Amino acid sequence: MPAARSPEITLDFDPAFLDALPADPLTTAQPRQVEGATHSFCMPTPVAAPRLLSWSADCAALLGLPAQPDTARAAAAVFSGNALLSGSQPYATCYGGHQFGQWAGQLGDGRALMLGTAIAPDGRRFEVQLKGAGLTPYSRHADGRAVLRSSIREYLCSEAMHHLGIPTTRALCLVASGEDVVRDMFYDGRARAEPGAIVTRVAESFLRIGHLEILAARGDITLLQRLLDHCIVRHFPQLGAPSREVYLAWFGEVCRRTAELIAHWLRVGFVHGVMNTDNLSLLGLTIDYGPYGWLDNFDPHFTPNTTDRGGRYAYGQQARIAGWNLACLANALMPLVDNRQALEDALDGYAAHFETTYLAMLRDKLGLPPTGDAQSDFGLVSTLFDCFGKAETDMTLFYRTLASISPEMPPDLALESLDATFYYPPTATAREAFAHWLTDWQARLRLSAESQGERTTRMNATNPWLIPRNWLAQQAIQAAEAGDLAPLEHLMSAIRDPYTEQIAYSDLAGRRPDWARFQPGCGSLSCSS
Ligand code: AMP
Ligand code: MG
């Protein structure tokens, strides 16, 4: 049991979630199937020696907390679960999910514990959750803990995504537990002890597709409706009072948000890595940062997740898979909507909205006019992606460099300026393909009235200068494991303004170094976390 309530840190908790929905009558962490309830009250399991490692001032501001906690000791106690915030009644939620295409039954918050819903100074409500705070009824065979390396990755990327302008759950702080956690990182029987940590996550809601799926799968239609009504009333009030029509409108809105989310991921080269339906948000947020990664060289088949041998969740599959996941959601909604055609129409709407949104983003990335001919713009993009395949091209560096090429620059000079974006010198065929593409692209730019300055600004506003590439996170992790938090703080500062070239962070904005190409944690990650 946590020792005591903390008087030093306060959040104003709103009990609405708990009042509206039925709780599991049991309050132990004994693994079990939880039916007829959306959540189980459960206390965090205290850790040996909590220590605050990092604090996001930006996320703290959302909650009305100070830019630096008044005492690191109190923050470490509260955000490890060793002390409870006044008004907090921790609970874990029940969800199911399709994992790698198969129904997996009940999953749930196996190591996440909601502290409660905090009322922010601006009146908005945010769920505040500890990840790695110990066993819950949903921990199944696992330990409820998280290792430092995966916690750093989640903490860093949650905040980086926000600053990239992409909907995401946020992270308030990172606390070392002072305890080891045993993990078999490569699933090869060589388990070892690693430092443990806890991340405090913050989001308007952590509801996932799997929250509804589990209720539909169990045939608990009454609770399915209660939870969906709750979600709509609380997070989608603009849709009106829940009804069959509103459920459909809501599904359309989830499809729309998901389409935009995936287009954003593709825009910046993000690969989620485990797009199971339990890891897809009902609010269109990026959620559950596990074995995610970033494209260095552009490769649609890239996935950092070594567990995903078939590449189901590879970069170029994400739009299709999100559609597959939304179809699972549609199935879960059938008992309430009872109109398969309307749900299928909404799924078609997802595909159409994704295409429109992604095309608009690609036009900005390439500096093309926003109202060109869609087919010919997609054609230009597809030729570019073919070129990327002919030479290992760093996606981020390519787009940034492209913004500095004028429509009048001779193609050989233009090509020369792109030299630093290739991982090895392109072959003569590849150079020729790029030269052709550049000539085409420049011809289109010359038809536009936009000035070079305006175009560069537009392109640079959508093409990040810096992304938290895996090898950067890995370096920060290795330093942190050795007791040096400076690289993590350097990276956390750098990601706050990712579209602006900043001399102070130029060490973080280059190509992936050769040593990182095959190193675990850089190019490849397992699900072990
Ligand atoms: P993930 O692949 O991280 O999205 O997790 C899938 C499911 O496994 C979720 O229900 C998690 O809560 C659960 N899980 C993952 N790691 C642990 C852990 N160390 N302890 C308990 N549950 C876990
Ligand atoms: Mg998950």
Side-chain angles (χ1 to χ4, degrees), residues 28-34 38-40 42 44-45 47 81 90-114 127 129-151 153-155 157-158 168-169 171 177 179-185 187 191-199 201 203 205-211 213-214 217 271-283 285-293 303-308 312-313 321 325 328 525-529:
T28 67
Q30 175 72 27
R32 58 182 177 269
Q33 293 292 306
V34 175
T38 50
H39 57 287
S40 309
C42 179
T45 309
V47 295
Y91 62 93
T93 69
C94 179
Y95 57 79
H98 279 85
Q99 298 187 314
F100 292 92
Q102 304 296 322
W103 175 242
Q106 177 181 300
L107 300 165
D109 292 327
R111 55 174 166 176
L113 266 183
M114 209 82 83
E127 291 177 353
Q129 181 181 88
L130 304 181
K131 184 167 176 180
L135 291 174
T136 79
Y138 310 98
S139 299
R140 298 178 292 158
H141 309 295
D143 57 7
R145 295 300 189 192
V147 289
L148 178 61
R149 65 181 151 80
S150 70
S151 305
R153 286 169 50 81
E154 173 134 33
Y155 174 69
C157 203
S158 305
T168 179
T169 62
S177 65
E179 288 177 3
D180 281 347
V181 175
V182 176
R183 289 288 182 271
D184 184 355
M185 183 152 90
Y187 299 120
R192 69 179 179 98
E194 299 186 50
I198 293 135
V199 177
R201 308 199 290 188
S205 166
F206 286 91
L207 283 172
R208 304 130 193 273
I209 290 180
H211 276 107
E213 274 185 301
I214 188 76
V271 192
H272 181 284
V274 206
M275 287 177 70
N276 294 331
T277 56
D278 51 302
N279 290 337
L280 221 80
S281 154
L282 291 181
L283 274 71
L285 308 174
T286 313
I287 194 169
D288 277 13
Y289 293 90
Y292 68 83
T303 174
N305 183 358
T306 52
T307 317
D308 181 13
R312 178 181 171 87
Y313 299 140
I321 286 294
N325 289 351
C328 290
L525 288 135
S526 75
C527 280
S528 148
S529 57

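Any value given below was found using the heavy atoms of this structure, including those in side chains, with hydrogens, waters and symmetry copies removed. We count residues from 1, following the sequence as given. If you're wondering where the values come from, they're calculated on a predicted model, not measured in any experiment. Both ligands and their constituent atoms are indexed starting at 1 by order of listing.
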Requested in this report: Note the single closest protein heavy atom to atom 13 (C) of ligand 1, along with its residue, its atom name and the distance in Å.
Outcome: Arg140 NH2, 3.6 Å
Report summary line: A student checking ligand 1 against Gly108 at a 4.0 Å heavy-atom cut-off should list atoms 9 (C), 10 (O), 11 (C), 12 (O)
**Report entry** Under-4.0 Å heavy-atom contact with ligand 1, by part of Leu107 that carries it
**Finding:** both
Requested in this report: Taking the side chain as every heavy atom from C-beta outward, state whether Ser151 and Lys131 have any pair of such atoms under 4.5 Å apart.
Outcome: no
Query raised in the report: Between the candidates Gln99, Lys131, Gln106, Arg111, which shows the shortest non-hydrogen contact distance to atom 14 (N) of ligand 1?
Result: Arg111
Query raised in the report: Is it true that some N/O/S atom of Asp288, main chain or side chain, lies under 2.8 Å from the Mg ion (ligand 2)?
Result: yes
Report task. Using distance alone, with no hydrogens and no angle criterion, decide if Tyr91 and Asp109 have a side-chain donor and acceptor under 3.5 Å apart. Result -> no
Report summary line: Heavy-atom nearest pair, Arg145 first then Gly134, reads NH1-N, 3.3 Å
Query raised in the report: Short list, please: which atoms of ligand 1 are under 4.0 Å from a heavy atom of Tyr95?
Result: 9 (C), 10 (O)
Query raised in the report: Counting heavy atoms only, which part of Arg183 comes closer than 4.0 Å to ligand 1: side chain, backbone, both or neither?
Result: side chain
Report task. Determine whether the side chains of Tyr289 and Thr168 contain a donor N or O and an acceptor N or O closer than 3.5 Å. Result -> yes
**Report entry** Closest to atom 4 (O) of ligand 1 (judged by heavy-atom distance), picking from Val147, Thr93, Thr136, Asn279
**Finding:** Asn279
Requested in this report: Could you check Leu280, Ile287, Leu282 and say which one makes a side-chain contact (heavy atoms from CB on, under 4.5 Å) with Arg208?
Outcome: Ile287
Requested in this report: Under 4.0 Å from a heavy atom of Asp143: give me the atoms of ligand 1 that qualify, with their elements.
Outcome: 18 (C), 19 (N), 20 (N)
Requested in this report: Would you mind running through ligand 1 and noting each atom that sits below 4.0 Å from a heavy atom of Gly144?
Outcome: 18 (C), 19 (N), 20 (N), 21 (C)
Report task. Output the list of atoms in ligand 1 that are nearer than 4.0 Å to some heavy atom of Ala142, sorted by atom number. Result -> 17 (C), 18 (C), 19 (N), 20 (N), 21 (C), 22 (N)
Query raised in the report: N/O/S of Asn279 less than 2.8 Å from the Mg ion (ligand 2)?
Result: yes
Query - Arg145: numbered ligand 1 atoms lying under 4.0 Å from its heavy atoms - result: 19 (N)
Query - Sidechain N-carboxylate O distance under 4.0 Å for Asp288, Arg201 - result: yes
Report summary line: The closest protein heavy-atom partner of atom 5 (O) of ligand 1 is Asp278 OD2, 4.7 Å
Query raised in the report: Considering only protein heavy atoms, which is closest to atom 21 (C) of ligand 1, and at what distance to one decimal place?
Result: Gly110 O, 3.2 Å
Query raised in the report: So, Ser529 versus Arg111: side-chain donor-acceptor pair below 3.5 Å or not?
Result: yes
Report task. Within a distance under 4.0 Å of any heavy atom of Asp288, pick out the atoms of ligand 1 and give their elements. Result -> 4 (O)
Query raised in the report: Which class fits the ring pair His211 and Tyr95: parallel under 30°, tilted 30 to 60°, perpendicular over 60°?
Result: perpendicular
Query raised in the report: Do any N or O atoms from the side chain of Asn305 and from the backbone of Tyr313 form a donor-acceptor pair under 3.5 angstrom?
Result: no
Query raised in the report: Taking side chain as C-beta onward, heavy atoms only, is Ser528 less than 4.5 Å from Arg149?
Result: yes
